[in-house]
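Basis for what follows: all heavy atoms, side chains included, without hydrogens, waters or symmetry-related copies.
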Amino acid sequence: FMATRNGVIKKTAIVEYMNVRSSGLIAIKLDKGDELRWVKKTAGSDDVIISTAMAQAIRFRETDARPMGRATRGVRGIRLRTGDIVVGMDVMAEDSMMLVVMENGYGKVTKTAQFSAHNRGGVGIRAGVVSTKTGKVVDVRVLDSVDQDVLIISKQGQVIRLNINKIPVISRATQGVRIMRLADHDQVASVTLLPSGTLE
């Protein structure tokens, strides 16, 4: 299952990639200016959630997207408002949580049960509150467990690691809390999930 920064999704059977040439294969045809950013393995009947920088999110059943061959464009997964882009695509797990991290160091954990399934291609529902204080959403991850760590790196090279359990679980239409203090003019650049515990 694939998703692009402009909200296009595509589902292709893994068997389509059995014989990969040394020069590679075309996985998706992209519109000008679009980028393939996420590829996730799905079971054929999973729910998928797509999240945007302006804190919109849409959950839909992957069966809403029919399987396509490799050299095809895909279909609309989410309808983006002007200036918005996709920042996350993940496969839903039952009783899972979702981590939302924003540019200015704010974050939160939300129960995915708060996101009911809709038809793909809509504008979605609010996954947070974007303001000048929080900045836009940088990354959204579905968590199979809250007993893991998140590593957050800023554009100026600051790094923080904390356990997901230390981030409050709050409702989807909220801005979250400060989870990383940043220097002036710095912003969150990258988010990575790690097993809980210390680095070797």
Enquirer: Please list all pairs meeting side chain to side chain donor-acceptor pair (under 3.5 Å) that have one or both residues in residues 9-18, counting only residues at least two apart or in different chains.
Expert: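 Matches after skipping sequence neighbours: K10-T72.
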
Enquirer: Which side chain to side chain donor-acceptor pair (under 3.5 Å) pairs, counting each pair once, include a residue from residues 84-102, with sequence neighbours left out?
Expert: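 Sorted result for residues 84-102: T52-D84, S96-T112.
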
Enquirer: Measuring from atom CD1 of I179 to atom CG of L162, what distance do you get when rounded to the nearest 0.5 angstrom?
Expert: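 I179 atom CD1 to L162 atom CG measures 6.0 Å (nearest 0.5 Å).
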
Enquirer: Are L143 and I167 connected, step by step, through hydrophobic side chains (Ile, Leu, Val, Met, Phe, Trp, Tyr) whose heavy atoms are closer than 4.5 Å?
Expert: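 Yes, L143 connects to I167 through the hydrophobic network.
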
Enquirer: Among the clusters formed by ILVMFWY side chains lying less than 4.5 Å apart, do V188 and M54 turn up in the same one?
Expert: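 No, it is not one cluster - the side chains of V188 and M54 are not joined through contacts under 4.5 Å.
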
Enquirer: Looking only at heavy atoms, what is the nearest atom pair of Q158 and A183, with distance?
Expert: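 Heavy-atom minimum between the residues: OE1-N, 4.1 Å.
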
Enquirer: Are more than 12 heavy atoms from other residues, nucleotides or ligands located less than 6.0 Å from atom CZ of R178?
Expert: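 Yes, the 6.0 Å shell around CZ holds more than 12 heavy atoms from other groups.
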
Enquirer: Less than 4.0 Å between a side-chain N and a carboxylate O, is that true for D139 and R141?
Expert: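 A salt bridge links R141 with D139.
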
Enquirer: How close do E103 and L182 get, heavy atom to heavy atom, and via which atoms?
Expert: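 Looking at all heavy atoms of both residues, the closest pair is O-CD1, 3.6 Å.
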
Enquirer: Same cluster or not: L36 versus V8, using hydrophobic residues (I, L, V, M, F, W, Y) connected whenever any side-chain heavy atoms lie under 4.5 Å apart?
Expert: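 Each belongs to a different hydrophobic cluster.
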
Enquirer: Considering only heavy atoms from C-beta outward, does the side chain of T110 approach that of M97 to under 4.5 Å?
Expert: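 No, every pair of side-chain atoms sits at 4.5 Å or beyond.
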
Enquirer: Nearest heavy-atom pair of V142 and V91: which atoms, and what distance?
Expert: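 So the minimum-distance heavy-atom pair works out to CG1-O, 3.7 Å.
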
Enquirer: Return the minimal non-hydrogen interatomic distance between I9 and A3, and the atom names on each side.
Expert: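 That closest heavy-atom pairing would be CG2-CB, 4.2 Å.
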
Enquirer: Could you tell me which residues satisfy side chain to side chain donor-acceptor pair (under 3.5 Å) with N104, sequence neighbours excluded, listed by chain and number?
Expert: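 So N104 forms no side chain to side chain donor-acceptor pair (under 3.5 Å) with any residue.
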
Enquirer: I'd like to check Q56 versus R126 (side-chain heavy atoms, cut-off strictly below 4.5 Å). Are they in contact?
Expert: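 In short, these two side chains touch, coming nearer than 4.5 Å.
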
Enquirer: Supply the atom-to-atom distance M2 CE to I28 CD1, rounded to the nearest 0.5 angstrom.
Expert: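 These two atoms lie 6.0 Å from each other.
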
Enquirer: Taking NZ, NE, NH1 and NH2 as the nitrogens, is one of them in D149 or R161 under 4.0 Å from a carboxylate oxygen of the other?
Expert: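 Result for this pair is yes, salt bridge flagged.
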
Enquirer: What I want to check is whether the side chains of S196 and Q148 have a donor and an acceptor closer together than 3.5 Å.
Expert: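 Judged by distance alone, the side chains do not pair up.
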
